[in-house]
Amino acid sequence: AQSVTQLDSHVSVSEGTPVLLRCNYSSSYSPSLFWYVQHPNKGLQLLLKYTSAATLVKGINGFEAEFKKSETSFHLTKPSAHMSDAAEYFCVVSERNYGQNFVFGPGTRLSVLP
Amino acid sequence: DAGVTQSPTHLIKTRGQHVTLRCSPISGHKSVSWYQQVLGQGPQFIFQYYEKEERGRGNFPDRFSARQFPNYSSELNVNALLLGDSALYLCASRQDTSYGYTFGSGTRLTVV
C-alpha cells in the first residue's frame, strides 16, 4: 500500500533563507511522486513531479526535489524563500497498481517571516 | 484555456439532505477524479472516472456516488449528509496517467 509522511507539520523560515520540506513515502513498486502547493482558499497547484526520469526534478518558482530511492524520500527545497511562498505544501505518491490515484501526505504549512 | 471548473463554489446543507457537486474538466482531459479535503488534512481520494467508467473508488461509504458524462464532465452525489461530510471537495482532471492532475478550486460544503 502507498503512504506518505511529511515530517514537519509547520516550517517557519525567514525571507531569503533556504527552504526544506521533508517527505518520505511507502510504495510497493516504482512510484510517481509530486509536490503540490495550496494557497489559502485556493485550489492545488502542481509544483513538480517525478516519474522515473531524472532523480533531481526542477519545478516552478525555483523549487526542486530529489528522489532518493534508498531513503524513500522526496524532499522539496528552494534556495531562497519569498513571502509569496507561504502556503500549505502536499507531497503525493501514486502507483500504477492503484490506478495512478493520488495519496496525499498530511501537508506542511510554510510560514515566511520578513 | 479554461482550467478545471467546479460548481457551486460554496454550499450549505442540512443533515440528511442530498447534494450534487459538478465538475468540468480541461478540454481534452478524459480522466476525472474527486477528492475530499477536511480542514487541516490532505485530500482523500473518493472516485476516479475515465471514459465514463469508474476506475477507482476510495474508502468512502455508499452514500457517495459519482458519474461521468459523454462530454467528460462529472457529478459527485452525496446522500443522507452528515456533519462530518463538511469539507472542501476537489475535482481534478488529467489527459492520461503519465500526467499530473490539474485541480479545480473546489466546492466548500458545510453541513449544519
Side-chain angles (χ1 to χ4, degrees), chain A residues 1-10 21 23-25 29-53 57-60 63 65 74 76 87-109, chain B residues 2-7 9-10 21 23-26 29-51 53-60 66 68 87-110:
Chain A
Q2 313 164 86
S3 66
V4 177
T5 302
Q6 292 184 244
L7 297 160
D8 306 293
S9 59
H10 183 213
L21 304 183
C23 171
N24 287 91
Y25 69 91
Y29 300 95
S30 297
S32 296
L33 294 158
F34 306 80
W35 276 97
Y36 279 81
V37 61
Q38 187 175 37
H39 288 91
N41 300 315
K42 296 286 182 69
L44 292 156
Q45 181 184 20
L46 177 65
L47 280 178
L48 49 80
K49 63 180 180 181
Y50 165 78
T51 54
S52 75
V57 181
K58 294 187 183 298
I60 62 171
F63 284 95
F74 190 58
L76 181 70
E88 191 83 19
Y89 291 80
F90 294 98
C91 182
V92 180
V93 64
S94 73
E95 274 186 28
R96 185 183 302 277
N97 285 33
Y98 292 91
Q100 298 283 10
N101 296 314
F102 279 13
V103 174
F104 281 78
T108 296
R109 182 164 60 92
Chain B
V4 178
T5 57
Q6 294 186 242
S7 62
T9 55
H10 294 83
L21 311 181
C23 172
S24 293
I26 291 173
H29 287 194
K30 299 179 180 179
S31 176
V32 170
S33 290
W34 288 93
Y35 289 80
Q36 180 197 63
Q37 186 178 19
V38 173
L39 195 62
Q41 298 181 18
Q44 299 291 317
F45 169 67
I46 310 176
F47 286 108
Q48 183 197 15
Y49 277 80
Y50 181 77
E51 289 276 17
E53 290 189 3
E54 182 183 301
R55 293 297 184 93
R57 173 186 285 254
N59 188 25
F60 280 81
Q68 186 177 33
L88 180 68
Y89 288 84
L90 295 163
C91 174
S93 74
R94 64 183 174 187
Q95 196 167 344
D96 60 44
T97 57
S98 64
Y99 292 83
Y101 277 113
T102 299
F103 284 82
S105 296
T107 294
R108 173 74 63 187
L109 172 65
T110 302

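Below, chains carry the letters A, B, ... as their sequence lines are ordered, and counting in each starts from 1.
- Residues Q37(B) and F90(A) share a closest heavy-atom pair of NE2-CZ, 3.4 Å.
- Remark: side-chain polar atoms of Y35(B) are not paired, donor with acceptor, to backbone N or O of F104(A) under 3.5 angstrom.
- Neither the backbone nor the side chain of Q6(B) comes within contact range of chain A; no heavy atoms are under 4.5 Å apart.
- Interface remark: of the candidates G56(B), P43(B), G106(B), G104(B), P43(B) forms the most heavy-atom pairs closer than 4.5 Å to chain A.
- In this structure the side chain of Y36(A) reaches within 4.5 angstrom of the side chain of Y101(B), judged on heavy atoms.
- Contacts of Q38(A) with chain B are made by side-chain atoms alone, with heavy-atom separations under 4.5 Å and no backbone atom involved.
- Evaluation of the side chain to side chain contact (heavy atoms under 4.5 Å, CB included) rule for I60(A) yields Q45(A), L47(A) as partners, not counting sequence neighbours.
- Interatomic distance, CZ of R94(B) versus CZ of F102(A), reported as 6.0 Å (0.5 Å rounding).
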